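These numbers come from a predicted model, not from an experiment.
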Amino acid sequence: MLSKPPLSGDIAHFCKAFLALEKDHHLFDLTVEGRPYWDYIRHHLYQDLLAKKGLLTSPHFPFSAMPYRHFLKKIRKFIRDIPDLALETVRISMQKRHYDIVFFDAAIPRLCEGKYQDIHFHPLYNAIKGEASALVVENRYLADPRDEAPGWDIANIRCFVYLAKLKALFYRYTKKQITEFQDIDSLIANRFGCKVTTATYVTKHYLWSRLLSTTLEKLFTQWQPSLIGLTDNGTMKWVVDAARRVGISSFEIQHGCVSPLEIYVTYPELPKAKLSIPDFVLTFGTYWNEKHRLPSEKIVVGFPWFEYHYQKFASQKPRDPNTIIGISVMDKQFATAFLQAARKLPDFKFYYKLRPEEYTCWRDLYPEFENLPPNFNIIDNERIHLYAYLSSVNYVISPSSTALYEGLCLGSHALIFSSVLYETMLELVESGYAILVNNDQDIINVLTQRVTPPKRPDPDAFFAFDSQARLRTSYRMMLSKNQPTKTHLPEPKTGSA
């Protein structure tokens, strides 16, 4: 008998109320210096409101949880990069070369056959290689991993980002702007019972982005691309807006599982010109099209990274029934319950796959992992491919992860743990593809009683096959439809932001 989930609220109800608030009070029409800012802050505000309302049942680790030595490491990286970034900035500013496609990637390159590869843009480039020149724009430390076999040019704009964030610190709001922000604060407090400071969100998430967007407009004029591409999690509106203002179509490549309860893919019914969204979204499969609740054109292209490895791992030898892998979402509640289950089931083998950003600091983030039982294995590297685990273990468990879908397609049984944003994955449970568990005892019951979901999904619905041909076709189709959405707002007034 499995326990009931410890719900403290209803994210679906909250999401509906948030969307209604945005539409009824015309929040997408609000501007600073003549340009809209709401789309830049709504994702961050929504997440914080969910936490304040108790709808995030267990919050992610706060930034302050990182030990000082990791901050010092970042500072050393920054200082070391300054001279080269300065030279890179000068080079980019003077560069005048046409590219057919300019791509902005926020994803971390993954190991593939011993080499780091950009798992989202690399397959697209391979599909159009020979008919398009490409530039990949990065915003990362120079020493960080990057694609080792690109074939495209690279421009690092990290220095431009630093300069934009520095300049934004000196912006001063007018009394009228402050009053407008305070009105929004009161509106949110009255509707949701939460105290927020809109001015802080605008300063932290919009001002520097708006400045950087202006810089990109100049760079796009130099590069004159036919298409602008990106991977996004709600934080790269500045790319879309810059592309739109210079008349270039933009597209986004889906980079993970999405849900209509995640506000960066969900919008109220408004004219597309009011929203900072790409003209096209390239999705993994038909299953994901309706999950993107935004008026962009959806094109199914598949997930080449998955397709390539699916052919390699799908026919693995019989799996060990006493094995389970947990996929980290940097959530202490889930990690603790998973470890407790392992301690109580010594005859079962537990794997805990960390996120890449946890690889070097997990001992500080998880003090409970100090003395691990012999059947509990931490995966803090990519020497063995994740799909090798997913195709050999009996169960995969996480509150929310693309690996749940990948594991299902590779033959594992999926468990959804009810903590961070697990509501975004409940459709898998409702469809009969996964089982909901709420604590360590539920995990134990499922494993010892060999409980399995009643249905198996069609892998092609989640991740469409023949992705290389689909990518090539989608690229040509986007070129033929290169008619970007025009902004509905006037050019910015002269000002300091």
Completion exercise
Here the pair of heavy atoms bringing I443 nearest to A337 is CD1-O, 4.3 Å
Practice task
Taking the six-membered ring for Trp and the single ring otherwise, decide whether the centroids of Y264 and H43 are under 6.0 Å apart.
Solution key: yes
Exercise for the section: Any chance you could measure N394, atom CG, to S412, atom OG, to the nearest 0.5 Å? Expected result: 7.5 Å
Completion exercise
Between I416 and L404, the two heavy atoms sitting closest are CD1-CD1, 3.5 Å
Practice task
Would you please test R343 and D440 for salt bridge (charged side-chain N to carboxylate O under 4.0 Å, His left out) and show each step?
Solution key: CA-CA 10 Å; R343 293 188 188 281; D440 60 309; over 6 Å; no
Problem - salt bridge (charged side-chain N to carboxylate O under 4.0 Å, His left out) between D185 and K195, intermediate numbers included - result: CA-CA 7 Å; D185 297 344; K195 183 179 180 180; over 6 Å; no
Handout entry: Pairwise side-chain contact, N322 with R450, heavy-atom cut-off 4.5 Å (strictly under)
Key = yes
Practice task
Would you tell me whether R472 and N126 have side-chain atoms, one donor and one acceptor, within less than 3.5 Å of each other?
Solution key: no
Exercise for the section: Could you tell me the separation between the CG atom of D48 and the OG1 atom of T197, rounded to the nearest 0.5 Å? Expected result: 11.0 Å
Exercise for the section: Fit a plane to each ring of F338 and F334, take the angle between them on a 0 to 90° scale, and name the class: parallel (under 30°), tilted (30 to 60°) or perpendicular (over 60°). Expected result: tilted
Exercise for the section: Assess the side chains of E307 and S467: does a donor N or O sit below 3.5 Å from an acceptor N or O? Expected result: yes
Practice task
Kindly assign one of parallel, tilted or perpendicular to the pair H255 and H120, based on the angle between their ring planes and the thresholds 30° and 60°.
Solution key: perpendicular
Problem - Euclidean distance, N377 CG relative to L372 CG, rounded to 0.5 Å - result: 9.0 Å
Fill in the blank from the handout: From the list F303, F463, F465, Y387, ring pair (Phe, Tyr, Trp, His ring centres under 6.0 Å) with Y310 holds only for F465
Practice task
Answer yes or no for R42 and Y267: cation-pi contact, defined as NZ/CZ to six-membered ring centre under 6.0 Å and angle to ring axis within 45°.
Solution key: yes
Practice task
Rounded to the nearest 0.5 Å, what's the gap from OH on Y206 to OH on Y37? Could you check?
Solution key: 9.5 Å
Practice task
Return yes if a side-chain donor-acceptor contact under 3.5 Å exists between D241 and S213, otherwise no.
Solution key: no
Problem - Check: R456/H413 side-chain N/O donor and acceptor closer than 3.5 Å - result: yes
Exercise for the section: Inspect the surroundings of NZ in K349 and state if more than 12 heavy atoms from other residues, nucleotides or ligands are less than 6.0 Å away. Expected result: no
Practice task
Verify whether one side chain among T336 and E368 offers a donor that lies under 3.5 Å from an acceptor in the other.
Solution key: yes
Practice task
State the CD1-CZ distance between I263 and F14, to the nearest 0.5 angstrom.
Solution key: 8.5 Å
Practice task
Please determine, by modelled atom types, if E427 and Y433 share a side-chain donor-acceptor pair under 3.5 angstrom.
Solution key: no
Problem - Check: Q254 side chain, F284 main-chain N or O, donor-acceptor pair, under 3.5 Å - result: yes
Problem - Whether over 12 other heavy atoms sit under 6.0 Å from K298 NZ - result: yes
Handout entry: Closest approach of S392 to R319 (non-hydrogen atoms, all atoms of both residues)
Key = O-CB, 2.8 Å
Problem - Output field: ring centroids W288/H292 closer than 6.0 Å - result: no
Problem - W238 and W208 aromatic ring geometry - parallel, tilted or perpendicular at 30°/60° bounds - result: tilted
Practice task
Output, in order, the C-alpha distance, side-chain angles, deciding distance and verdict of salt bridge (charged side-chain N to carboxylate O under 4.0 Å, His left out) for R158 and E138.
Solution key: CA-CA 7 Å; R158 196 168 187 85; E138 299 179 345; over 6 Å; no
Problem - Salt bridge present between K353 and D380 (N-O < 4.0 angstrom) - result: no
Problem - Least distance between heavy atoms, Y40 atom then H205 atom - result: O-CB, 3.8 Å
Exercise for the section: Before accepting this row, confirm whether a basic side-chain N of the pair R363/E370 lies closer than 4.0 Å to the acidic partner's carboxylate O. Expected result: no
Problem - Minimal non-hydrogen separation, T323 against F348, with atom names - result: N-CD2, 4.4 Å
Practice task
Taking the six-membered ring for Trp and the full ring for Phe, Tyr or His, determine whether the centres of Y201 and H44 are under 6.0 Å apart.
Solution key: no
Exercise for the section: Scan side-chain atoms only and decide if T231 and E252 contain a donor-acceptor pair under the 3.5 Å cut-off. Expected result: no
Exercise for the section: Please determine, by modelled atom types, if D458 and Y287 share a side-chain donor-acceptor pair under 3.5 angstrom. Expected result: no
Practice task
For the pair E358 and S328, evaluate side chain to side chain donor-acceptor pair (under 3.5 Å) and give the outcome as yes or no after the intermediate values.
Solution key: CA-CA 9 Å; E358 296 177 290; S328 171; 2.7 Å; yes
Fill in the blank from the handout: CD (E22) and CG (L45) are apart, to the nearest 0.5 Å, by 8.5 Å
